[in-house]
J.: 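Once you've had a glance at the structure underneath, I'll fire off some questions.
From a predicted model like this one, the values you see are computed outputs, not experimental measurements. These numbers come from the heavy atoms of this one structure, side chains and all, not from hydrogens, waters or symmetry mates. Every chain is numbered from 1, with letters handed out A, B, ... down the list of sequences.
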2 protein chains.
Amino acid sequence: MSFNFDEIDRRILKVLQRDGRISNIDLAKEVGLSPSPCLRRVRLLEEAGIIDRYVAVLDPTKVGAGLTVFARVWFKTQDAQVTLQFAEAVRRLPEVMECYLTTGECDAILRIVTADLHSYWRFQADHLTRIASVLNVKTDVPMETLKRSFELPLAL
Amino acid sequence: MSFNFDEIDRRILKVLQRDGRISNIDLAKEVGLSPSPCLRRVRLLEEAGIIDRYVAVLDPTKVGAGLTVFARVWFKTQDAQVTLQFAEAVRRLPEVMECYLTTGECDAILRIVTADLHSYWRFQADHLTRIASVLNVKTDVPMETLKRSFELPLAL
DNA sequence: GGATAGTTTGGCATATTATGCCGTAAATTG
DNA sequence: CAATTTACGGCATAATATGCCAAACTATCC
């Protein structure tokens, strides 16, 4: 019993991904409904978990998180114990915005935000490489951001 | 003349990063202000561009974007022309959520979302490798998501 | 094809929230 | 310590959200 959203739901999601704080009245106008059914659809999308949450997006450069880096991590071993330990450590580090386990070249990929290169080195030395699971870290430092989207593509 | 936010602003940002749609009345309670000055602070944070926007966060698995992959791209050449061409191509592809230029091992790092591995291969073959600037693509496919945060760490 | 059950919609009354204004308190400055 | 600036809280008003109900629409079955 999966939630099947139609064209109107798709438009609602599209608008809310651009402006999560649009008033229901304006949202209704944009999707061609009156406010009542529009709000009901939004509530259903929320209850179904399709809309997970609403967040404010801050400008990283203006809150001291201007540098995004990608770190590829190699574990000492690949057993569950080591992985779990790594997961818990990573969840406690607010600088780590995303963390994925891979089976490819490396064991984990992290997106990390800090103020600048200096504070990143400190972060890597003081926190990342000190996680017991970690054998090796290789860092890619972006020079420029070409794109940063918050809008998932909505297939229909 | 940079905007210097204080402890209360920091708390406001923290709350709004968790719940971008909290009512101003509840927000005021959480940060220990009455509604009027609280709303005024939020507006100032918005006008200063510290709060960039508000967005709805969707569950990727529920909207057909369950697979996140990282692609490292090598360009044919590193001149401005090729880079610009790549930037424009990438901005047109909704599957590309983030794209950064690097000076390290590769030339660009992309975070791409698709429904599954099959649709990723199609995307890579039909779109990514067809960008004229692209010489080579190496893909890291995460097996599991350990962490996904939308909350920038707020230094004070 | 028509009747019926189920679903979705739109309108309305009410509750909640946002907004703008103003007097007051607190902080800053010289 | 007085003057000035800044931020706060309260209040009236406007805008919005919410819940309810009747009507329109859809799908199904006979």
Side-chain angles (χ1 to χ4, degrees), chain A residues 1-59 61-64 150-156, chain B residues 1-59 61-64 150-156:
Chain A
M1 63 135 272
S2 76
F3 191 105
N4 248 16
F5 52 87
D6 61 12
E7 174 59 26
I8 295 180
D9 291 318
R10 203 187 65 88
R11 264 183 282 173
I12 289 175
L13 294 174
K14 199 171 161 68
V15 172
L16 286 179
Q17 281 193 109
R18 290 182 193 274
D19 180 4
R21 239 183 159 167
I22 190 174
S23 77
N24 181 59
I25 290 178
D26 290 341
L27 177 60
K29 275 178 206 158
E30 289 217 35
V31 303
L33 278 180
S34 65
S36 297
C38 183
L39 184 63
R40 205 165 328 124
R41 278 170 180 264
V42 172
R43 293 286 174 265
L44 286 173
L45 290 166
E46 288 168 358
E47 281 161 26
I50 292 174
I51 298 174
D52 180 42
R53 58 208 294 209
Y54 301 88
V55 302
V57 177
L58 309 187
D59 183 333
T61 64
K62 291 180 178 164
V63 295
F150 299 96
E151 208 174 326
L152 289 175
L154 296 177
L156 184 61
Chain B
M1 68 133 269
S2 77
F3 192 105
N4 246 15
F5 51 89
D6 62 11
E7 174 59 26
I8 295 180
D9 291 318
R10 205 186 65 87
R11 263 183 283 172
I12 288 175
L13 294 174
K14 200 170 159 68
V15 172
L16 286 178
Q17 281 193 107
R18 290 180 194 275
D19 180 3
R21 238 182 159 168
I22 189 173
S23 77
N24 180 60
I25 291 178
D26 290 341
L27 177 60
K29 275 178 207 158
E30 290 217 34
V31 302
L33 279 180
S34 66
S36 298
C38 183
L39 184 63
R40 208 166 324 129
R41 279 169 179 265
V42 172
R43 293 287 174 265
L44 286 173
L45 290 165
E46 288 167 0
E47 280 160 26
I50 293 174
I51 297 174
D52 180 41
R53 60 208 292 209
Y54 300 88
V55 303
V57 177
L58 309 187
D59 183 334
T61 63
K62 291 180 178 163
V63 294
F150 299 96
E151 207 174 329
L152 288 175
L154 294 178
L156 183 64

J.: Output the single nucleotide from C:dG10, D:dC8, D:dG9 whose closest atom is nearest the side chain of B:S34.
T.: D:dG9
J.: Using atom CG of B:N4 as one end and atom C1' of D:dA7 as the other, report the distance to the nearest whole Å.
T.: 17 Å
J.: Any chance you could measure B:F5, atom CZ, to A:K62, atom NZ, to the nearest 0.5 Å?
T.: 11.5 Å
J.: To the nearest Å, give me how far apart CG (B:L33) and P (C:dA25) are.
T.: 18 Å
J.: Once side chain to side chain donor-acceptor pair (under 3.5 Å) is applied, do any residues pair with B:R40, and if so which ones, sequence neighbours excluded?
T.: none
J.: Considering only heavy atoms, which members of residues 46-59 of chain A lie under 4.0 Å from some atom of DNA chain C?
T.: none
J.: With sequence neighbours left out, write down each residue that passes salt bridge (Lys or Arg N to Asp or Glu O under 4.0 Å) with A:R21, or none if nothing qualifies.
T.: none
J.: Identify, with sequence neighbours excluded, every residue that meets side chain to side chain contact (heavy atoms under 4.5 Å, CB included) alongside B:S34.
T.: B:P37
J.: Output all residues satisfying side chain to side chain contact (heavy atoms under 4.5 Å, CB included) with A:E30, sequence neighbours left out; order by chain, then residue number.
T.: A:V15, A:I22
J.: State which residues pass side chain to side chain contact (heavy atoms under 4.5 Å, CB included) with A:R11; sequence neighbours excluded, sorted by chain then number.
T.: A:E7, A:I8, A:V31
J.: How many Å lie between CD1 on B:I12 and C1' on D:dA7, as a whole number?
T.: 13 Å
J.: Rounding to a whole Å, what distance do you find between A:L27:CG and D:dT16:P?
T.: 13 Å
J.: Measure CD1/B:I8 against P/D:dT6 and give the value in whole Å, please.
T.: 17 Å
J.: Which residues pass the side chain to side chain donor-acceptor pair (under 3.5 Å) test with A:D59, sequence neighbours left out?
T.: A:T61
J.: Polar atom pairs between nucleotides 17-21 of chain D and protein, under 3.5 Å, N or O only, would you list them?
T.:
| residue | atom | partner | partner atom | Å |
| --- | --- | --- | --- | --- |
| D:dA17 | OP1 | A:N24 | N | 2.6 |
| D:dA17 | OP2 | A:N24 | N | 3.1 |
| D:dA17 | OP2 | A:I25 | N | 3.2 |
| D:dT18 | OP1 | A:R43 | NH2 | 3.1 |
| D:dT18 | OP2 | A:R43 | NH2 | 2.3 |
| D:dG19 | O6 | A:S36 | OG | 3.2 |

J.: Could you pull out all residues at least two apart from A:L39 that satisfy side chain to side chain contact (heavy atoms under 4.5 Å, CB included)?
T.: A:N24, A:R43
J.: In this structure, how many angstroms lie between the P atom of C:dT19 and the CG atom of B:L44, rounded?
T.: 13 Å
